Amino acid sequence: MKRGVLDNRTFPVLLPLAEHLTRRSDNERRYGLPLVRLPGRWIVACAALLVLWAGVAEAQALTAGRESAIDAILKWMPLISRGFALNIAISFIAMGAGTILGMMLGLAQISLMPPVRVGSWALTQFFRNAPWLVLLFYCILVLPFRVTVFGMTFDVPNWLRATVGLTLPVMANVSEIVRGAVQSIPRGQWEAAESLGYSRGQTLREIILPQCVKRMLPPWMNLYAILIMSTPLASIVGVEEAMALTRGALNAERRGDLLIPMYGALLFAFFLYCYPIARVTQALERRHQVTT
Amino acid sequence: MTAPLIRIRDLTKSFGITPVLRGVSFDVNKGEAIGIIGPSGSGKSTILRCINALVPFDSGSIHVGEVDVGAPNLDRIALRRRVGMVFQQYNLFPHRTALQNVMMAPVQVLKQNKAEVEVRARALMRKVRLEGKEGAFPGELSGGQQQRVAIARSLCMQPEVMLFDEVTAALDPETVKEVLVTIRELAEEGMTCLIVTHEMAFARDVADHVYFTDSGIIVEHGDPKTLFSAPTHERTKAFLERVL
């Protein structure tokens, strides 16, 4: 235990927990992000809750002589799945663009030119410390409805503007991940490379960044999990993704007893998508811990 | 008498307001092995770092062959292919195998033919007695083995001078010897070496000439037998009494 306040004599029963918490907070400190953790038994708990909700709704529906909750969910499933596909598309595009921009911004943060360094630092801090929903509203309002390129006019759909809104915080977080990873590489690596004639750019490309990839992967995947779970925010600004379509379906059904099963099904869909990501992230973290 | 390979004149360097070097001058001839000893913080390592342009110096001059290290338009690649450096912490690149570590710089920096570099790199791995460890990653090697890979990595640039910066200070006592043997062989083959070390016995045996530095100046220098057995300055005497 590196930073524990407990030693073996005080409350030995607390030691496993203390060790676990220390490890976890060390990780979070290293990545600068709260880490999403979903232990395996949660799946069971979530599934049990879902069955319970469905059962209650089912019983109510059957006694009232209406369509069962399961049938209703199955009926709306294709439409909501298409919405979910949009959530995934938004998350992919925002993650891809955010990663590319964030890499550039993160490298600018370690630039030797003070204006570049300070500018990119300020940009990173600004977008990292802004609420995602506020950024989303901002982008929806500020970005144009249509753009004209080479005389051709394109409509900019709502979802694309929302994607830009989500790209900005992703960019800022990736920027911090990159800066943190580069700065975690010992200075001796730079010196050794310099003494062998490497330029700064070559050192970054051939020596520093390859070592960073392993360190950046877990927090990057963690960021993706946070992003996909934030995509339903886009429903608030009128994007027809899974959350908005679920609400639409409920409005069409006009049945209060479907509220919990339908939203429960949506929750479960997100869980099924995010849980494997969280597990892989955890596995990568563990492997990283062993090798350092 | 040919011109010295390294010529240092009135070298000064401060970190902030702390003076580290306060006027250091000496020459190194081709094929010489120079030992630099002195207490911690006396500026030994800084001299090596200045020669290699890892840190800029404040005033004075350093020439390595015809390369003026203080010139504003210094050709860094030209300097670094002449001057190899080995560090206390080895600083191998952990994501590459031993052989790749040795091959990287000639291929990527000097753009030399990969097949030719590989022949040379394998020969160097044999020379530092690490045949069979070519595919090992630095993390799988002992400190002494890593340090020998680091020496091979520097040699693969085919330098004219090798700088050794306390290369055994971080090693276990039992692996110090294997590294010192490698350096001794290099010196005996006629490689010009500047060796900053705390291993007094090694400095005495290997160096042709020993410099004792303290508080940023060269207090005393001479051939090792004389300097170690009959030092003339008080500071040298005091230092040698403490470490021997």
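Since the model is a prediction, treat every value here as computed from it, not as a measurement. Each chain gets a letter, A, B and so on, in the order the sequences are listed, and its residues count up from 1.
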Mind checking the [atom1]-[atom2] spacing from [X] to [Y]? Nearest 0.5 Å is all I need.
X      : Y      : atom1 : atom2 : value
B:F93  : A:L196 : CZ    : CG    : 5.5 Å
A:Y198 : B:I77  : OH    : CD1   : 11.0 Å
A:I207 : B:R96  : CD1   : CZ    : 8.5 Å
B:R76  : A:E194 : CZ    : CD    : 6.0 Å
A:S195 : B:L48  : OG    : CG    : 11.5 Å

Between [X] and chain A, with a heavy-atom cut-off of 4.5 Å, which part of the residue counts as in contact: side chain, backbone, both or neither?
X      : answer
B:A53  : backbone
B:R153 : both
B:V86  : neither

- Assert top hit (heavy-atom pairs under 4.5 Å, partner chain A, pool B:L92, B:V83, B:L79) equals B:L92

- Task: Please flag which part of A:Q202 lies under 4.5 Å from any non-hydrogen atom of chain B: side chain, backbone, both or neither.
- Result: side chain

Give a yes or no on whether [X] atom [atom1] has more than 12 heavy-atom contacts from other residues, nucleotides or ligands under 6.0 Å away.
X      : atom1 : value
B:R129 : CZ    : no
A:W121 : CH2   : no
B:R81  : CZ    : no
B:K133 : NZ    : no

- Message: Sub-4.5 Å heavy-atom contacts with chain A: which residues of residues 97-113 of chain B show up?
- Response: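 The list, in residue order, reads B:M104, B:A105, B:Q108, B:V109, B:K111.
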
- Task: Answer whether the closest heavy-atom distance between the side chains of A:E191 and B:R49 falls below 4.5 Å.
- Result: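 Yes, close enough: below the 4.5 Å cut-off.
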
- Closest contact, heavy atoms only, A:Q211 versus B:P94: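 In terms of heavy atoms, the two residues are closest at OE1-CG, 3.2 Å.
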
- Under 3.5 Å, side chain of B:H95 to main-chain N/O of A:I208, donor-acceptor pair present? no

